[in-house]
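Notes to accompany the following structure.
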Amino acid sequence: MRRVVITGVGVLSPLGNDMQELQEGLESSRSGVVHVESWSEYKDFKTRVCGLVNWDDYKVIPRKSRRSMGRVAIMAAKTMQDAVKDAGLSEEQISNPRTGISFGSTMGSDEALFDSIGTIAKEKTFIGQNSMSFLKFMSHTVAANIAAMFKIHGRNIPACSACTSSSMAIGIGYESIKYGMSDMMFVGGSEEAHAYNAGIFEIMAATSTRYNDTPDQTPRPFDTERDGLVTAEGAGTLVLEEYEAAKARGAKIYGEIIGYATSCDGEHITTPSSAGMEQVMRLALDDANITPDKVGYINAHATSTPKGDIAESHATYAVFGDKTPISSTKGYMGHILGGCGVVESIIGLISLKTGLLPANKNLVKVDETCAPLDYLLEHRYGNHDIVMNNNFAFGGINTSLIFKKIEE
Amino acid sequence: MTEELVRATLKEVLIEEFEVEEDEIVTGANFFEDLDMDSLDAIDLIVMMDKKLNIDLKAEDAQKIRTIDEFVALIMTRA
């Protein structure tokens, strides 16, 4: 079976805009969550916290490519640029039928959606609409725009499954190479910040509202005082390559993807299922052909909602017991929704490289209804060579990815 | 509406919305060959100029324009 390795990384996150900044942000326990006063314009809307990316240098993306992108796609394109540069690829390696992409986001550009649909609905006319609006807010805007900008000729499989969008994209890329459909895949995802993203979760009573004046203290995955998730923005790209080809060209290798699974609860549209979460972790371990004790760190999805964190903790305990270090890194930056899977996978790669086992930021007292796991209460440094990243989405869609340090 | 106003407005839109360099906006400049624009840009240029000048431009007008001078002349017939 063909092996799949990661040879390039690009990231924009509330905690930093490259791997080094992200690592430093984790190690210094910084928060990327801020108070957003402008959201007060929405009536009876309580949430005022969001994880924001400090980057708006849009002109690094050429105008012809950027004109059909909202912030969600622009950020993704920037991380793609960085990942391609990091991997040291030629145009011929990028543009050929054996190189493909998979990218996703929960939404297209919220800003473009509001600007366009809001006016059409109110004025009942399409006259005056910009031809680019739809291309900015359509569901596969990230994948479509990146494909056009980078002249992608291989498969383009958009992965738009809300909070598993970018983890699923990584899985699609992994399977494409593993099973011989592609030799190289660019994969990842993105999300842009907007009141709408927070608003839809507030309607479901799932957002954090008690820490508006102390934004660095929320979200609080697994903590007794958690009060919901905090939406965030960000993007990331991984360059995936077939191992022998990467080795032959002398590529820098961040790690190997040794396991991936996606499966579905097939139950409730929003309520998390512990059984479904357990199933996907077991399937990923099977795919990697390893036993649970080989995993040295788990990056949990845990968004800081009451139900989700409990369900995930019990699923994890059922598979791993209480000895595997676990943290949710959403406490540092919030929930990047469609982009969380790739950003948290990049944190997994940082963990493999440095040994860092990042603490659960804002976890002071573990909720007693959560299972007894080895919750990281402070940073540790391990000697592990395998990490797992789990993500779960509305619709009962679950993903689990397993990364391994490559032997020199 | 004067031709000067139309040219000034067009120049402003081309610079701000289409990121055209000011020194490229010269008499006779072709939108597609000289200013790196295409048919979608032409439609959006029509929409933006229509809003700025409040004239009766339609998306199908985009097929009639190739140069700055042709576009200014078209607008003057509607003004």
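Note that the structure is a prediction, hence the values are computed from the model and not measured.
The number of heavy-atom neighbours closer than 6.0 Å to CG of D57(A), taken from other residues, nucleotides and ligands shown, is above 12. Dense packing is recorded around NZ of K64(B), with more than 12 heavy atoms of other residues, nucleotides or ligands lying under 6.0 Å away. Counting heavy-atom neighbours within 6.0 Å of E91(A) CD, excluding the residue itself, gives a total of 12 or less. For F45(A), the CZ atom is densely surrounded, since the number of other residues' heavy atoms within 6.0 Å is greater than 12. Surrounding CD of E111(A) are at most 12 heavy atoms belonging to other residues, nucleotides or ligands under 6.0 Å away.
At a heavy-atom cut-off of under 4.5 Å, chain A is reached by no residue from residues 21-34 of chain B.
Contacts of M37(B) with chain A are made by both backbone and side-chain atoms, with heavy-atom separations under 4.5 Å.
Counting heavy atoms from C-beta outward, D44(B) and R67(A) have side chains that stay 4.5 Å or more apart. Within the 4.5 Å cutoff, no side-chain heavy atoms of E17(B) are placed close to those of N130(A).
Annotation for L40(B) and S131(A): closest pair O-OG, 3.7 Å, computed over non-hydrogen atoms. Closest heavy-atom contact between R63(A) and D36(B): NH2-O, 3.4 Å.
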